[in-house]
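Take a look at the structure set out below.
Each chain gets a letter, A, B and so on, in the order its sequence line appears, and its residues count up from 1.
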There are 2 protein chains.
Amino acid sequence: MKPLIISRAASRAGVSIETIRFYERKGLINQPPKPVSGYRTYPAETVCRIKFIRQAQELGFSLREIDELLALKAAPGTDCSDVRNRATAKLHEVDTKIEQLQGIRVALRELISVCPGRGALRACTIMESLASVEGDKEGQSSTTQKENTK
Amino acid sequence: MKPLIISRAASRAGVSIETIRFYERKGLINQPPKPVSGYRTYPAETVCRIKFIRQAQELGFSLREIDELLALKAAPGTDCSDVRNRATAKLHEVDTKIEQLQGIRVALRELISVCPGRGALRACTIMESLASVEGDKEGQSSTTQKENTK
DNA sequence: CTTGACTCCGTACCATAGTCCGGAGTGTAG
DNA sequence: CTACACTCCGGACTATGGTACGGAGTCAAG
């Protein structure tokens, strides 16, 4: 049985070697001790852990969040509800993002449907509606420089 | 009439001073010439341009894309269809993003609904399904190291 | 005419998720 | 035993959209 050196671990996990090193630097996975001479060998758990990370990424979790998830996994007293709550929070985030994008979609559709689609740019309603957003005369909520700059 | 120095331009456009400078560095807006002595004054067009940028950002355009949009605006022979095509392409991107997020949503919902929601982590089905993704024995599509690393 | 707020400018830094590089060491096939 | 491929390692670089800093100059009020 060939030792699980980094290249094999990477191909098993479906990531690049660089990604493994990156995760090691980020503390998402442990770097195996370096033998006195030779290459590091990775335990099979590391491959699982990387797959876990990729799965969670596909669900929209950031590496930071995944790190927390993995910490929960390691903590002795973790309750299932902790994990479930995180999943629920993420679901809400995803919902919000979808709503925002749907708003964008509506705006884009509107823009496109109204645009004549040919002719000089003068007549382009898209450019117009992007450009003309007049009517707000600064200083509504900003009294000083500082507030705006903060 | 007070001169439109950067702080006033920023508050009128609803961005920070730093953002204006950043856009100047990026070439999205022109930096007004510096007077021999004193502060730069911005033309009103710059404020409009910044508002245009923010509007387009809200529609999901990146700064790079907005730069192109602005270039179109400036080019003499630009046809309205150029702009329309970009908006349409962006609409497709947004649609794709929404679909991806909906896929994520479905997966998260499924995970959450199956999870008991309480009890030890051992029993947490979310963790389980994230962790157990066995069945792919590396090297399906990767013959060499290089391919994986690329 | 001083003080305090502001501008100007380059540079460095933040987060996110990696990717690439180059030199030195190592493992193995021929 | 010698190539050659691979590992190890730190550090630099990518893209995105800004934010922060520090010192020098400037403007306006008191």
If I take atom [atom1] in residue [X] and atom [atom2] in nucleotide [N], what distance separates them, rounded to the nearest angstrom?
X       : N      : atom1 : atom2 : value
B:Ile53 : D:dG18 : CD1   : P     : 10 Å
A:Ile5  : C:dT28 : CD1   : C1'   : 11 Å
B:Ile17 : D:dA20 : CD1   : C1'   : 13 Å
A:Glu24 : D:dT7  : CD    : C1'   : 12 Å
A:Arg8  : C:dT28 : CZ    : P     : 12 Å
A:Ile66 : C:dG18 : CD1   : C1'   : 13 Å
A:Leu28 : C:dG18 : CG    : C1'   : 12 Å

| When rounded to the nearest 0.5 angstrom, what distance separates CD in A:Glu18 from CZ in A:Arg25? | 7.5 Å

| Closer than 4.0 Å, any side-chain N/O of A:Thr19 to the OP1 or OP2 of C:dA17? |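 Checking C:dA17 against A:Thr19, no side-chain N or O comes under 4.0 Å of OP1 or OP2.
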
| request: May I ask you to evaluate whether B:Ser16 reaches the phosphate of D:dG18, defined as a side-chain N or O under 4.0 Å from OP1 or OP2? | output: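 Checking D:dG18 against B:Ser16, no side-chain N or O comes under 4.0 Å of OP1 or OP2.
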
| query | Listed by chain and number, what are the side chain to side chain contact (heavy atoms under 4.5 Å, CB included) partners of B:Lys26, not counting sequence neighbours? | reply | B:Phe22, B:Leu28

| query | Listed by chain and number, what are the side chain to side chain contact (heavy atoms under 4.5 Å, CB included) partners of A:Glu58, not counting sequence neighbours? | reply |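 By the side chain to side chain contact (heavy atoms under 4.5 Å, CB included) rule, A:Glu58 matches no residue at all.
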
| request: Indicate yes or no for a side-chain donor-acceptor contact from B:Arg12 to the backbone of B:Val47 under 3.5 Å, with no hydrogens or angles considered. | output: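 A pair under 3.5 Å: no.
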
| field | Test item: B:Thr46 side-chain N/O and B:Tyr42 main-chain N/O as donor-acceptor pair under 3.5 Å | value |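 No; judged by distance alone, with no hydrogens or angles, the pair does not exist.
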
Set of side-chain hydrogen bond (donor to acceptor under 3.5 Å, both in side chains) partners for [X], sequence neighbours left out:
X       : value
A:Asp95 : B:Arg105
B:Glu93 : B:Lys90
B:Gln31 : B:Glu24
A:Thr19 : A:Ser16

Please write out each protein N/O paired with an N/O of nucleotides 10-17 of chain D under 3.5 Å, distance rounded to 0.1 Å.
| unit_1 | atom_1 | unit_2 | atom_2 | d |
| --- | --- | --- | --- | --- |
| D:dG17 | OP2 | B:Leu63 | N | 3.4 |

| query | Side chains of B:Leu108 and B:Ile104: does their closest heavy-atom pair fall under 4.5 Å? | reply |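 A side-chain contact exists here, since the closest heavy-atom pair is under 4.5 Å.
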
| Taking C-beta and beyond as the side chain, do B:Pro32 and B:Thr41 meet within less than 4.5 Å on heavy atoms? |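 No. Closest side-chain heavy atoms not under 4.5 Å.
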
| query | At their closest point, which heavy atom of B:Leu59 faces which heavy atom of A:Ala107, and how far apart are they? | reply |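 Between these two residues, the closest heavy atoms are CD2-CB, 3.3 Å.
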
| request: Go through residues 31-40 of chain B and report each residue with a non-hydrogen atom lying under 4.0 Å from DNA chain D, sorted by number. | output: B:Ser37, B:Gly38, B:Tyr39

| task | Have a look at the helix from C:dC1-D:dG30 to C:dG30-D:dC1 and give the angle its two end axes make, five pairs each, rounded to 10 degrees. | result |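 The angle, to the nearest 10 degrees, is 20°.
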
| note | Ordered by number, residues from residues 90-98 of chain A within less than 4.0 Å of DNA chain C (heavy atoms) are none

| request: If you link ILVMFWY side chains whenever their heavy atoms are less than 4.5 Å apart, which other residues fall into the same cluster as A:Ile5? By chain and number, please. | output: A:Tyr39

What side-chain donor-acceptor pairs closer than 3.5 Å can you find for residues 74-86 of chain A, not counting sequence neighbours?
| unit_1 | atom_1 | unit_2 | atom_2 | d |
| --- | --- | --- | --- | --- |
| A:Thr78 | OG1 | A:Leu72 | O | 2.6 |
| A:Thr78 | OG1 | A:Ala75 | O | 3.3 |
| A:Asp79 | OD1 | B:Gly119 | N | 3.4 |
| A:Asp79 | OD2 | A:Ser81 | N | 2.8 |
| A:Asp79 | OD2 | A:Ser81 | OG | 2.8 |
| A:Arg84 | NH1 | B:Ile112 | O | 3.1 |
| A:Arg84 | NH1 | B:Cys115 | O | 2.9 |
| A:Asn85 | ND2 | A:Ser81 | O | 3.2 |
| A:Arg86 | NH1 | A:Glu68 | OE1 | 2.9 |

